[in-house]
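We use all heavy atoms of the structure for the numbers below, so side chains are in, but hydrogens, waters and symmetry mates are not.
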Amino acid sequence: MAERRTVTVYFDYKSPYAFLAKDPAYELERDFPVRVDWLPYTLDIPSFLGSATVDDSGRVIEEQRNAHQWRRVRYSYMDCRRQARKRGLVIRGPQKIWDSTLASRGMLYAKRQGDAILRRYHDAVFERFWKRELDIEDPDVVRAVLVEAGADTAGFPAYLIGEGREELQRVGRAAEAIGVFGVPTFVLDGESFWGREHLPDIREILMEASA
């Protein structure tokens, strides 16, 4: 039997590309003797794409973004929606640059309670956020998703403001130490692959090892 290996997946809930990579990453565990280790990496989107806020109709009400950045952002969401439609997924452009750190700490908390709880939490946050149905900046909302996923949340409020904050920062520093700068990033045997378009390469490596 082939040795069970680990594929680490760095993600951010506010990345549509990470959302599109979620289910194909699950399939690695289905198809190969691997464990997928999910880790959050918080993107600083304004540093490279600027920032903007829009109303419900899509009208820009605040922006710090140049014309080049707007072209990149508009193309990115158009491309992600095109790919999402093929799989029956919904991606609605966010109305602002969200702070995903609370949801990421919630994910780390869910992870401590087992793979099943983690997966239910992970699916709910990704899917509802991209439908604009989930406020990932509200700790009560994040806790409610944990409860729905089956987590014991008695220790969550304390974790959220203490150990969870420290753990998320520690994970981020470790990611950057190995060269992570964007999501989704997959790490297999110390080699990094940025973007879901590299999943066929990862599958090929795992297939060769399983032969």
Can you label the angle between the Trp38 ring and the Tyr26 ring as parallel, tilted or perpendicular, going by 30° and 60°?
perpendicular
Within one Ile-Leu-Val-Met-Phe-Trp-Tyr cluster: Ile178 and Val183, side-chain cutoff 4.5 Å:
yes
Using 4.0 Å as the upper bound for N to carboxylate O, is an ion pair formed by Arg82 and Asp79?
yes
Backbone N or O of Ala18 within a donor-acceptor pair of the Ser15 side chain at under 3.5 Å?
yes
Going from OH on Tyr17 to CG on Leu43, what distance comes out if it is rounded to the nearest 0.5 angstrom?
12.0 Å
Ion pair check, Lys22 and Glu127, cut-off under 4.0 Å:
yes
Looking at the rings of Phe181 and Trp194, which for Trp means the six-membered one, are their centres under 6.0 Å apart?
yes
CD1/Ile91 to OH/Tyr77 distance, rounded to the nearest 0.5 angstrom?
8.5 Å
Parallel, tilted or perpendicular: which one describes the rings of Phe11 and His122, with boundaries at 30° and 60°?
perpendicular
Under 4.5 Å between any side-chain heavy atoms of Arg165 and Arg105, yes or no?
yes
Check the hydrophobic clustering (I, L, V, M, F, W, Y; side-chain heavy atoms under 4.5 Å; chains of links allowed) and say if Ile117 and Ile136 are grouped together.
no
Between Glu29 and Arg119, does at least one N-O distance fall below 4.0 Å, as a salt bridge requires?
no
More than 12 foreign heavy atoms under 6.0 Å from CD of Glu63: is that the case here?
yes
Hphob cluster co-occupancy, Ile97 + Phe19, side-chain heavy atoms under 4.5 angstrom
yes
Close side-chain approach of Lys14 and Thr42, heavy atoms under 4.5 Å:
yes
Let me check something: do Val147 and Met107 share a hydrophobic cluster, defined by ILVMFWY side-chain heavy atoms less than 4.5 Å apart, either directly or through other members?
no
May I ask you to test the Asp23-Arg87 pair for a side-chain heavy-atom distance under 4.5 Å?
yes
I'd like to check Gln83 versus Pro16 (side-chain heavy atoms, cut-off strictly below 4.5 Å). Are they in contact?
no
Before accepting this row, confirm whether a basic side-chain N of the pair Glu167/Arg112 lies closer than 4.0 Å to the acidic partner's carboxylate O.
yes
Taking the six-membered ring for Trp and the full ring for Phe, Tyr or His, determine whether the centres of Tyr109 and Tyr159 are under 6.0 Å apart.
yes
Quick check: do Glu176 and Tyr41 have side-chain heavy atoms less than 4.5 Å from each other?
yes
